[in-house]
Amino acid sequence: MAWANTEIARQLEEIAELLRLAGEDAFRVRAYERAAAAAGAAEVDLGELDEAELTEVKGIGASTAAKIVEFRATGEIGLLSELREQVPPGVVELTRVPGLGPKTARRLHAELGIGGLDDLAAALEDGRVAALDGLGERSAARIAGGLERIGAKDTDRTPVADVVDLAVELCRRLEALDAVERAAPAGSLRRMRETVGDLDVLVATSSPAEVAETVRGDTDLVAEVLADGDTKLSVRTRGPGVQLDVRLVEPEAWGAALVYFTGSKAHNVRLRERAVRDGLTVNEYAVADRETGQRRAGVTEEEVYAALGLAWVPPPMREDTGEIEAAAEGSLPQVVTEEAVVGDLHGHSDVSGDGRASLEAMVAAAAERGLAWWAVTDHAEDLTMNGASRADLLARREALPALAERYGLALLDGLELNIDGEGGVDYDAEFLATFDWCVASIHTMLERDGAAQTGRLCTAMANPHVHAIGHPSGRLLGQRPGYDLDWERVIATAVETGTALEVNGALRRLDMPAEVVRRAVQAGATLSLASDAHTTGGLANLTWAVRTAQRGWAPASAVLNTRGLEELRAFVAAKRERAR
DNA sequence: GCCGTTTTCGGCCCGACTGTTTTCAGTCG
């Protein structure tokens, strides 16, 4: 299997989870969590290291190294098999209930024989849960509420696409209040994870009670209040029905709180460990001297990181996958920023069937956004429902110069080609050669296996007129998983053929996934960032493409969208040249 | 289980909220 790291990380994570449920020492659990994170983020293929080399990876010691070797030799880890025997699957299931942790799950199983969610529902119903020592009616009601919430959905995480609008609107309403100095999304939304467990919004205010009262009273927003304290209000929302945590902090703690509530948890733990070594302490209010309590930083994120001897870390990189070490030694990559992106490489007009705005409206919106160049990539003819004919495309081509002149930006005459079952694309080479920019994507035969899809992409990349692969994994978040691609081969082929791999910012796609972006960047691939806009508003998706690229540690130099028009044309020409 | 600018042993990040055990445990992030 290519890239053993992902599978090793998954196994180690499962060991950590089961050890926690078995009531093992918390530090041992954490050691496995860290080993899993280290394996997932390792830049070398752990499948190719011997046992001694494995222990040189930070976070992997002798014990874990032996287990990795065992996994490679036998396909399984004995400890994990034992734990799966020892910890009933029902207990694992119980901890999916919000508010029900490992201790309670174990007791429910041991003392009441509860083996799953159905048993739990019955025991809540007949009062056995409430009768346990240390629990009571209110604890039982809380667990019942949690059980009801997960019953409504098949997953406990929500695609980021479903909550972005809510977060933006809430922050807008909050900032309109006199009592609020600032409001911003934090948590996994700010880190640009593709799904969120809950929605964190941070508010700087000197009148927390007033703000909390306003939010609680917003019946458009709030379905139910889950927790209510001086610094935190937690509610379940209407609409997407997610848990929303509103954190209320004094304005002078804004930076410290933003770091704290942005996370990730693993990143924060690392920060606090560093602080301890330096005689400091970090919490959500400030960085302070451990001995004297004297405050060192807290107003801005930059000063919080600086007080810890670190460069500011872009939020999408805060996953404890090496960013803190890099920030300490000054080797943090200068990842691509929104300011550096001057063009968009994938977008549609109503020349093809699913575009919802006219070519002129799209060009105007691209200019409004401040882009120096915009590629219009309407669907090509093989997409029978939506594709544009040759005649449509030639007419579009005629219109481009005048629009470029009128709106003051360069326009690339582009296509989104369809990769057929054998890796071929629309039109003939002669016609394709007349276009500036061609993205090729899979739109049909989505059910084929990973080997077939990998082959289709690689064949398409060998075509000298295919400049980028669009939404490579084919996933739709919350709807369908991506193809089971051999990413190593896809990435290697992209590098060999001089083909860009797209980072599609449509929130249902976020494709390539950030972890694949990181591997592609390490392998020297070139990235094309794309809004894949079908409406004028869709151009804003370029922001999510940038943040996904940041999560993948992509430097501006790896991203075509940071380049001027001449450099972009040189990339296209180089591929055609290579194919001669 | 991992690790070392104080350590090869003995530590290992920090605080809010809730409910129930009037001083704390469990859960969460």
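Computation of the quantities below employed the complete heavy-atom set of this structure, encompassing side-chain atoms and omitting hydrogens, waters and symmetry-equivalent molecules. Naming: A, B, ... by sequence-line order, numbering from 1 per chain.
- Here, B:dC12 and B:dT8 have their C1' atoms 16 Å apart, quoted to the whole Å.
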For nucleotides 5-10 of chain B, which of its nitrogen or oxygen atoms have a protein nitrogen or oxygen under 3.5 Å away, and what is each distance?
none

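- Looking at heavy-atom distances under 4.0 Å, A:Leu100 makes contact with sugar-phosphate atoms alone, never a base.
- Contact check, A:Lys58 against B:dG1: no side-chain N or O comes under 4.0 Å of OP1 or OP2.
- Of the C1' atoms belonging to B:dG11 and B:dT18, the separation is 30 Å, rounded to the nearest Å.
- For A:Glu323 and A:Arg191, the salt-bridge test fails: no basic side-chain N is under 4.0 Å from an acidic carboxylate O.
- Going from atom CG of A:Leu280 over to atom P of B:dC14 covers 11 Å, rounded to whole Å.
- Taking atom CG of residue A:Leu189 and atom C1' of nucleotide B:dG29, one finds them 16 Å apart after rounding to whole Å.
- For the pair A:Glu56 CD and B:dC2 P, the interatomic distance rounds to 14 Å; values are reported in whole Å.
- With respect to A:Arg10 and A:Glu7, a salt bridge is recorded, a charged nitrogen being found less than 4.0 Å from a carboxylate O.
- In this structure, A:Glu33 atom CD and B:dC2 atom P are separated by 14 Å, rounded to whole Å.
- Among the nucleotides B:dG26, B:dG1, B:dC13, the one closest to the side chain of A:Thr104 is B:dG26.
- The side chain of A:Val276 has B:dC14 as its nearest neighbour among B:dG4, B:dC14, B:dC2.
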Determine, stepwise, if the pair A:Arg173 / A:Asp218 fulfils side-chain contact (heavy atoms from CB on, under 4.5 Å).
CA-CA 10 Å; A:Arg173 289 191 198 185; A:Asp218 190 336; 2.8 Å; yes
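- Screening A:Lys265, A:His267, A:Arg270 for a side chain to side chain donor-acceptor pair (under 3.5 Å) involving A:Asp320 leaves a single residue, A:Arg270.
- Here A:Phe27 counts as stacked on B:dC12: its ring centre is under 5.5 angstrom from the base ring centre and the planes meet at under 30°.
- Regarding contacts with the backbone of B:dC12, every side-chain N or O of A:Arg34 stays at 4.0 angstrom or more from both OP1 and OP2.
- Salt bridge status for A:Arg20 with A:Glu33: present, with a side-chain N to carboxylate O gap under 4.0 Å.
- Applying the Watson-Crick and G-U wobble criteria (two distances, each under 3.5 Å), B:dC9 pairs with B:dG4.
- Taking 4.0 angstrom as the limit, A:Arg272 places none of its side-chain polar atoms (N or O) nearer than this to OP1 or OP2 of B:dC13.
- Following rounding to the nearest Å, A:His267 (NE2) and B:dC14 (C1') show an atom-to-atom distance of 15 Å.
- Among A:Glu224, A:Arg247, A:Gln243, the single residue meeting the side chain to side chain donor-acceptor pair (under 3.5 Å) criterion with A:Ser234 is A:Gln243.
- Counting to the nearest Å, the C1' atom of B:dG29 and the CD atom of A:Gln243 are 10 Å from each other.
- In the set B:dG1, B:dC14, B:dC12, the nucleotide with an atom closest to the side chain of A:Lys67 is B:dG1.
- If you measure from atom CZ of A:Arg107 to atom P of B:dT27, you get 10 Å, rounded to the nearest angstrom.
- The pair A:Asp198-A:Arg236 fails the salt-bridge criterion, with no side-chain N (NZ, NE, NH1 or NH2) lying under 4.0 Å from an Asp/Glu carboxylate O.
- Within the nucleic acid shown, A:Thr64 comes within 4.0 Å of sugar-phosphate atoms alone, with no base atom in reach, counting heavy atoms only.
- Residue A:Glu302 places its CD atom among more than 12 non-hydrogen atoms of other residues, nucleotides or ligands, all under 6.0 Å distant.
- The C1' atoms of B:dT7 and B:dC2 are separated by 13 Å, rounded to the nearest whole Å.
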Pair A:Tyr305, A:Leu271 - check side-chain contact (heavy atoms from CB on, under 4.5 Å), show working.
CA-CA 9 Å; A:Tyr305 281 96; A:Leu271 289 182; 4.0 Å; yes
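- In this structure, A:Ala275 reaches neither bases nor backbone, as no heavy-atom distance under 4.0 Å exists between it and the strands shown.
- Using a cut-off of 4.0 Å between Lys/Arg side-chain N and Asp/Glu carboxylate O, A:Glu515 and A:Arg518 are scored as not salt-bridged.
- Residue A:Arg274 is out of contact with every strand shown, counting any heavy-atom pair closer than 4.0 Å.
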Just the table, please: protein N/O against nucleotides 15-25 of chain B N/O, every pair under 3.5 Å.
residue, atom, partner, partner atom, Å
B:dG15, OP1, A:Asn283, ND2, 3.4
B:dA16, OP1, A:Tyr285, OH, 3.2
B:dA16, O3', A:Thr231, OG1, 2.9
B:dC17, OP1, A:Asp230, N, 2.8
B:dC17, OP1, A:Thr231, N, 2.9
B:dC17, OP1, A:Thr231, OG1, 3.2
B:dC17, OP1, A:Lys232, N, 3.3
B:dT18, OP1, A:Asp228, N, 2.7
B:dT18, OP2, A:Asp228, O, 3.4
B:dG19, OP2, A:Arg138, NH2, 3.4
B:dG19, O3', A:Ser139, OG, 3.2
B:dT20, OP1, A:Gly136, N, 3.0

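- Residue-level contact check: A:Gly263 touches neither bases nor backbone, having no heavy atom under 4.0 Å from any strand.
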side-chain contact (heavy atoms from CB on, under 4.5 Å) for A:Asp45 and A:Asn5? Distances and angles first, verdict last.
CA-CA 6 Å; A:Asp45 189 344; A:Asn5 301 15; 3.5 Å; yes
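- Taking a cutoff of 4.0 Å between a charged side-chain nitrogen and a carboxylate oxygen, A:Arg296 and A:Asp289 qualify as a salt bridge.
- Straight-line distance from the OH atom of A:Tyr32 to the P atom of B:dC3: 13 Å, rounded to whole Å.
- Few gaps surround CD on A:Gln479; more than 12 heavy atoms of other groups in view lie less than 6.0 Å from it.
- Across the interface with DNA chain B, nearest-nucleotide mapping of A:Val269 and A:Val57 shows A:Val57 to be the residue nearer the 5′ end.
- Contacts with DNA chain B (heavy atom under 4.0 Å) in residues 249-257 of chain A: none are found.
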